[in-house]
Amino acid sequence: MFAVADVYKNLITNRTQILPTSEMEEADCKVLTAKIAKDIADRTSVTNTYQIGEVCQILVKDNPELRGKGGCWAIVSAVNDFSCSVRIWDGEHTVGLQHLKSYNYLPAEGQQVREISDRKSSVPLYNWLEMNKTQ
């Protein structure tokens, strides 16, 4: 995995990466796309700095599971190595770090957002409407 990260870093800095065919055959490597190499490099170099209760924004990017949720508040409920579990308007989701952006709210502001979120999800009519809306 780290070899892939090194290849990606060389691609970024040198714009080229030449690997002898013999080295690839010896290592029994498979050719990876730049996107996969970038994802692996991102995961090996990112430290999860989010905290439980932090208010973030959902970034959809290239994740079809997050469509319709872009820009929504997400309140961190669990912190993992490369992802966070977050509460949003339609329930609990596990989201990769690349799909979160902290709002960097002051503690009092974050508390207000958490209270609004808790109130909204406790309203029976709102929950019924969310469960019965057409997509």
Side-chain angles (χ1 to χ4, degrees):
M1 182 185 314
F2 293 109
V4 173
D6 290 337
V7 169
Y8 178 74
K9 288 176 187 173
N10 285 339
L11 283 171
I12 294 300
T13 55
N14 302 333
R15 303 234 182 223
T16 61
Q17 176 66 35
I18 300 171
L19 294 175
T21 307
S22 59
E23 274 188 37
M24 289 185 73
E25 289 171 358
E26 286 175 20
D28 193 28
C29 292
K30 295 186 180 190
V31 177
L32 298 177
T33 65
K35 182 178 179 182
I36 293 171
K38 182 182 181 310
D39 288 345
I40 292 170
D42 287 347
R43 280 189 261 149
T44 58
S45 63
V46 174
T47 303
N48 191 344
T49 59
Y50 292 102
Q51 298 176 11
I52 293 176
E54 187 169 355
V55 180
C56 302
Q57 176 184 13
I58 297 286
L59 305 174
V60 175
K61 291 188 179 178
D62 57 355
N63 187 338
E65 293 177 18
L66 296 176
R67 269 194 215 126
K69 297 170 179 67
C72 291
W73 283 338
I75 299 170
V76 177
S77 58
V79 178
N80 308 311
D81 289 338
F82 306 113
S83 64
C84 289
S85 293
V86 295
R87 284 185 298 125
I88 60 175
W89 59 270
D90 69 342
E92 187 94 10
H93 295 273
T94 299
V95 179
L97 300 180
Q98 70 274 23
H99 297 289
L100 290 175
K101 179 181 176 186
S102 178
Y103 277 115
N104 294 317
Y105 285 148
L106 296 172
E109 295 170 324
Q111 183 61 34
Q112 286 178 330
V113 171
R114 288 188 292 277
E115 288 173 6
I116 291 169
S117 176
D118 290 345
R119 271 189 265 144
K120 185 177 75 169
S121 61
S122 68
V123 176
L125 177 60
Y126 177 81
N127 291 336
W128 183 85
L129 289 172
E130 287 305 318
M131 291 181 349
N132 293 299
K133 75 177 185 177
T134 59
Q135 296 196 20

Minimum side-chain heavy-atom gap Val86-Cys56 below 4.5 Å: no
Distance-minimising heavy-atom pair for Leu100 and Tyr50: O-OH, 3.0 Å
Donor-acceptor pair, side chain of Asn80 and main chain of Phe82, under 3.5 angstrom: no
Pairs where residues 58-78 contributes a residue and the test side-chain hydrogen bond (donor to acceptor under 3.5 Å, both in side chains) is met, not counting sequence neighbours: Lys35-Asp62, Lys69-Asp90, Ser77-Glu92
Closest non-hydrogen atom pair between Thr94 and Ser85, with its separation: OG1-OG, 3.5 Å
Reported CD1-to-CD1 distance for the pair Ile75 and Ile52, which is rounded to 0.5 angstrom: 13.0 Å
N/O donor-acceptor pair under 3.5 Å between Asn48 side chain and Ser83 backbone: yes
Verdict with reasoning, Val55 to Gln112, per side-chain contact (heavy atoms from CB on, under 4.5 Å): CA-CA 10 Å; Val55 180; Gln112 286 178 330; over 6 Å; no
Residue pairs, two or more places apart or on separate chains, that pass salt bridge (charged side-chain N to carboxylate O under 4.0 Å, His left out) and touch residues 102-117: none
For Gln57, side chain to side chain contact (heavy atoms under 4.5 Å, CB included) partners two or more places apart: Leu59, Lys101, Tyr103
Inter-residue atom distance Ile88.CD1 - Ser117.OG, 0.5 Å rounding: 10.0 Å
Heavy-atom closest contact (Gly68 atom, Trp89 atom, distance): O-CZ2, 4.3 Å
Closest approach of Tyr105 to Gly110 (non-hydrogen atoms, all atoms of both residues): CB-N, 3.8 Å
Under the side chain to side chain contact (heavy atoms under 4.5 Å, CB included) test, residues paired with Gln51 that sit two or more places apart: Glu54
